[in-house]
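To keep things clear, I will list the structure first and then write my remarks on it.
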Amino acid sequence: MKEFIISKNDADQRLDKFISKAIPSLPKTLMYKFIRTKHIKLNGKKADISTRLNEGDTVSAYIKDEFFEKVAPKYDFLSASDSLNVVYEDENIILLDKPQGLLSHPDENEYNDTLITRVQKYLYKKGEYDPEAENSFKPSLANRIDRNTGGIVIAAKNSEALRILCDKIKSREIDKRYLTVVHGTPKRKEALLEGFLEKNSDKNKVYLQKNKTDDNLSIKTYYRTLKSKNGLSLLEIELLTGRTHQIRAHMASIGHALLGDGKYGNLKEDKKMGFNKQALYSYMLTFTFESDAGILNYLNRKTFKVKSVWFAEELFGYKIGE
């Protein structure tokens, strides 16, 4: 028998979800059977699998010791790089400046060295993350950006911060601005672009459409031209909706594809200029909470910026803060 005392990071999740993480060697079919037959109890009583856990609750598992046996821990994140550019950090969150070319999360080709594994390694070495002390939580990213896009990504150090951040991102209470370089000079110095975007998952590509259908989503993109030079323009972009490849597809649809964009632009020609990744950077973030943000209220109205965006400096001499 083993007891688990529900910590702050374990609270507010379903009983079955918690057990799956806390006792990973226990097959799901057995887990559901043990809950049903009271071999797994919540606060000494039978509980439904969907019961939400509270801090201080006790989950008791009257099952064979073999399900609790652990091999010596080997943490994959320890093989990640130590390179991490921290924009801001406190007891709840970290803002990271993700370099272009680095994955936010592991995929089938790269498992160990990603932004989130670097964050976990960083916090582990600082003594702020101990996988053995956590039943189910691990530091997580609240948002992500494409592999070849750089800039600010938010990581949460605890489950409450993660929940709040996800809610605020969903309700558009975090303002993110991007810098990008496009081909040509937009006719209007600034404008709100609207349309409908449909995703083709097989091609990992999106398409702009003029009319609403059951398969597309409305998008709004606001751009402001900062500088134009040598057939290129530096723009600041505000996403009023957040869809896959939105900036890249929307700008390409009005004849101003991003420099270095191999999916919506002309990468063959851009490579001749030394650009093999889209010139797109999430350079500024402002917390714009319109409702209670709990433990993160202190962040409201605060703005954070990266120190520099290399292509803006290289092509236009533009420095953050100008």
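The analysis underlying the following values was restricted to heavy atoms, covering all of them including side chains, and did not include hydrogens, waters or symmetry mates. For the single chain, residues carry numbers from 1 onward in sequence order.
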Study note, to complete from the structure: Taken to the nearest 0.5 Å, the spacing of Ser218 OG from Lys212 NZ works out to 7.0 Å

Exercise for review: With rounding to the nearest 0.5 Å, note down the distance linking CD1 in Ile19 to CD1 in Ile35.
Suggested key: 4.0 Å

Check your understanding: According to a 4.5 Å side-chain heavy-atom criterion applied to Ile, Leu, Val, Met, Phe, Trp and Tyr, with indirect links allowed, do Ile237 and Leu240 form part of one hydrophobic cluster?
Key -> no

Practice item. I would like to know whether Lys168 and Ser291 meet side chain to side chain donor-acceptor pair (under 3.5 Å); could you show each step before the answer? Key: CA-CA 9 Å; Lys168 295 305 181 184; Ser291 56; 2.6 Å; yes

Practice item. Indicate yes or no for a side-chain donor-acceptor contact from Thr180 to the backbone of Ala279 under 3.5 Å, with no hydrogens or angles considered. Key: yes

Exercise for review: Answer with yes or no whether the side chains of Asp48 and Ser50 bring together a donor and an acceptor at under 3.5 Å.
Suggested key: yes

**Study point:** Test item: Asp270 side-chain N/O and Gly260 main-chain N/O as donor-acceptor pair under 3.5 Å
**Key:** yes

Exercise for review: Fit a plane to each ring of Trp310 and Phe275, take the angle between them on a 0 to 90° scale, and name the class: parallel (under 30°), tilted (30 to 60°) or perpendicular (over 60°).
Suggested key: parallel

Revision key, fill the gap. Tightest non-hydrogen contact, residues Lys319 and Glu313, listed as CG-OE2, 3.9 Å

Practice item. Check Arg177, Lys189, Lys227 against Glu236 for a salt bridge (charged side-chain N to carboxylate O under 4.0 Å, His left out) and give me the one that passes. Key: Arg177

Exercise for review: List the steps and the verdict of salt bridge (charged side-chain N to carboxylate O under 4.0 Å, His left out) for Glu290 and Arg301.
Suggested key: CA-CA 10 Å; Glu290 298 299 331; Arg301 307 305 162 186; 3.1 Å; yes

Review point. Taking the hydrophobic residues Ile, Leu, Val, Met, Phe, Trp and Tyr, and joining any pair whose side-chain heavy atoms are under 4.5 Å apart, which ones share a cluster with Leu162?
Key: Phe137

Review point. Looking only at atom types and distance, does a side-chain atom of Gln246 sit under 3.5 Å from a main-chain N or O of Lys220, one as donor and one as acceptor?
Key: yes

Practice item. Linking directly or through intermediates, with side-chain heavy atoms under 4.5 Å: list the remaining ILVMFWY members grouped with Met1, chain and number order. Key: Tyr62

**Study point:** Heavy-atom neighbours of Lys126 NZ exceed 12 at 6.0 Å
**Key:** yes

Point to revise | Value rounded to 0.5 Å, distance of CG in Leu15 from CZ in Arg52 | key: 11.0 Å

Review point. Would one find more than 12 heavy atoms of other residues, nucleotides or ligands at under 6.0 Å from atom NZ of Lys8?
Key: no

**Study point:** Distance (rounded to the nearest 0.5 Å) between Phe18 CZ and Ile40 CD1
**Key:** 10.0 Å

Exercise for review: Indicate the ring-plane relationship of Phe77 and Tyr75, choosing parallel, tilted or perpendicular according to the 30° and 60° boundaries.
Suggested key: parallel

Check your understanding: Only one of Glu238, Lys176, Lys305 forms a side chain to side chain contact (heavy atoms under 4.5 Å, CB included) with Met284, so which one is it?
Key -> Lys305

Review point. Do other residues, nucleotides or ligands put more than 12 heavy atoms under 6.0 Å from Asp65 CG?
Key: no

Review point. Under a 4.5 Å cut-off applied to non-hydrogen side-chain atoms, are Tyr88 and Leu299 in contact?
Key: yes

Review point. Ignoring hydrogens and geometry, is there a side-chain-to-backbone donor-acceptor pair from His183 to His256 under 3.5 Å?
Key: no

**Study point:** Candidates Val87, Asn92, Val86 - the one meeting side chain to side chain contact (heavy atoms under 4.5 Å, CB included) with Glu89
**Key:** Val86

Practice item. Give me the other members of the hydrophobic cluster that Tyr264 sits in, counting Ile, Leu, Val, Met, Phe, Trp and Tyr linked by side-chain heavy atoms under 4.5 Å, directly or via other members. Key: Leu197, Val206, Leu208, Ile219

**Study point:** Donor-acceptor side-chain pairing of Asp57 and Asn43 below 3.5 angstrom
**Key:** yes

Review point. Out of curiosity, Leu234 CG to Arg224 CZ, how far, rounded to the nearest 0.5 Å?
Key: 9.5 Å

Point to revise | Flag for Thr149-Gln278: side-chain donor and acceptor within less than 3.5 Å | key: yes

Check your understanding: For atom NZ of Lys263, is the number of surrounding heavy atoms from other residues, nucleotides or ligands below 6.0 Å larger than 12?
Key -> yes

Point to revise | Residue Lys41 excluded, over 12 heavy atoms near NZ under 6.0 Å | key: yes

